[in-house]
Peer 1: 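Got a structure for you, written out below as C-alpha cells; questions coming shortly.
What you see is a predicted model, and the numbers here were worked out from it, not measured in a lab. These values consider heavy atoms only, across backbone and side chains, with no hydrogens, waters or symmetry-generated copies.
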Amino acid sequence: MVCERQRNDRCGTGYLILLAIPQVSSISPSQCNSHRGDQVDIDGIGFQLASAVSFGGVAALSFEVQSDQRIVAIVPPGNGVATAIVNAPGGSSDPLISASIAYF
C-alpha cells in the first residue's frame with residue numbers, strides 16, 4: 001500500500017491511497033504431489049493485504065502472509081499444471097508461467 005499526499009484546491013489537502021496489485025515472481029518447490037497438500041513458498045511483491053490464494057482456480061488449503069514479499073501456502077490436490085493467483089484489495093496477480101506448479 002502506498003500513501004501519497006496530494007493537494008486538491010476544491011477539497012483541501014488529503015491522502016490518496018494506492019493499493020498494490022500482487023505480483024508473483026516464483027514458487028518453490030515448483031512440483032507438488034497430486035494427492036496431498038504440499039507446502040510452497042510464493043515470492044513476489046504486494047502480498048501484505050492478500051485475501052486469497054488459489055492454484056488453477058482452486059483455493060489453497062491454507063495460506064499465511066509472512067511479509068509483503070512472501071506467502072506460505074498449502075497447495076490443494078490437483079492434476080497437470082496450475083497457476084498460482086494471489087488476490088488482494090488492489091487486484092489479482094497475473095497468471096504467469098513462473099507462478100505455476102506441476103503436480104506429479
Side-chain angles (χ1 to χ4, degrees):
M1 179 168 48
V2 177
C3 295
E4 293 181 358
R5 191 169 174 84
Q6 70 176 22
R7 173 87 180 143
N8 181 323
D9 291 331
R10 283 191 246 187
C11 300
T13 301
Y15 288 92
L16 173 65
I17 298 175
L18 305 173
L19 299 172
I21 297 173
Q23 297 178 28
V24 176
S25 58
S26 66
I27 297 179
S28 179
S30 60
Q31 295 185 342
C32 296
N33 187 296
S34 61
H35 299 291
R36 68 168 193 259
D38 288 347
Q39 178 177 302
V40 295
D41 294 331
I42 303 172
D43 292 316
I45 58 172
F47 297 162
Q48 195 64 46
L49 298 175
S51 58
V53 175
S54 62
F55 295 88
V58 179
L61 298 179
S62 67
F63 73 95
E64 177 184 345
V65 176
Q66 294 192 328
S67 72
D68 193 57
Q69 294 85 31
R70 175 163 284 182
I71 291 175
V72 173
I74 304 298
V75 178
N79 296 307
V81 175
T83 301
I85 301 292
V86 176
N87 298 315
S92 299
S93 61
D94 289 329
L96 304 173
I97 296 298
S98 61
S100 296
I101 58 164
Y103 288 102
F104 62 87

Peer 1: What is the minimum heavy-atom distance between Ala99 and Ile27, and which atoms define it?
Peer 2: O-CD1, 3.2 Å

Peer 1: Please identify each residue that fulfils side chain to side chain contact (heavy atoms under 4.5 Å, CB included) with Pro89, with sequence neighbours left out.
Peer 2: Leu19, Leu49

Peer 1: Any chance you could measure Ile74, atom CD1, to Cys32, atom SG, to the nearest 0.5 Å?
Peer 2: 9.5 Å

Peer 1: Is the side chain of Asp41 donor-acceptor paired with the backbone N or O of Val72 at a distance under 3.5 Å, no angle test?
Peer 2: no

Peer 1: State, to 0.1 Å, how close Pro22 and Ala88 come at their nearest heavy-atom pair, and which atoms those are.
Peer 2: CG-CB, 3.6 Å

Peer 1: Is the shortest side-chain heavy-atom distance between Val81 and Tyr103 below 4.5 Å?
Peer 2: no

Peer 1: Give me the one residue out of Ile71, Val65, Val75 that meets side chain to side chain contact (heavy atoms under 4.5 Å, CB included) with Val53.
Peer 2: Ile71

Peer 1: For the CG atom of Leu61 and the CD atom of Gln39, what is their distance to the nearest 0.5 Å?
Peer 2: 11.5 Å

Peer 1: Are Ser28 and Val40 packed together at the side-chain level, in the sense that at least one heavy-atom pair is separated by less than 4.5 angstrom?
Peer 2: no

Peer 1: When rounded to the nearest 0.5 angstrom, what distance separates CG in Asp38 from CZ in Phe104?
Peer 2: 6.0 Å

Peer 1: Could you state the interatomic distance from CD (Gln23) to CD (Gln69), rounded to the nearest 0.5 Å?
Peer 2: 11.5 Å

Peer 1: So which heavy atom on Gly46 is nearest to which on Ala20, and how close?
Peer 2: CA-CB, 4.1 Å

Peer 1: Taking all non-hydrogen atoms of both residues into account, name the closest pair between Gln48 and Asp68 and its distance.
Peer 2: N-OD1, 3.0 Å

Peer 1: How would you list, by chain and number, every residue that makes a side-chain hydrogen bond (donor to acceptor under 3.5 Å, both in side chains) with Ser100, sequence neighbours excluded?
Peer 2: Thr83

Peer 1: Report yes or no: does Ser25 contribute a side-chain atom to a donor-acceptor pair with the main-chain N or O of Asp43 at less than 3.5 Å?
Peer 2: yes

Peer 1: Hey, is the main chain of Leu96 close enough, under 3.5 Å, to the side chain of Asp94 for a donor-acceptor pair?
Peer 2: no

Peer 1: Shortest non-hydrogen contact from Ile42 to Phe55?
Peer 2: CD1-CZ, 4.0 Å

Peer 1: Which residue pairs pass the side-chain hydrogen bond (donor to acceptor under 3.5 Å, both in side chains) test when at least one of the two sits in residues 52-67, sequence neighbours left out?
Peer 2: none

Peer 1: Looking at every non-hydrogen atom in both residues, tell me the closest pair between Ala84 and Ser93 and how far apart they are.
Peer 2: O-OG, 4.0 Å

Peer 1: May I ask you to check whether Ser92 and Asn87 show a side-chain donor-acceptor distance below 3.5 Å?
Peer 2: yes

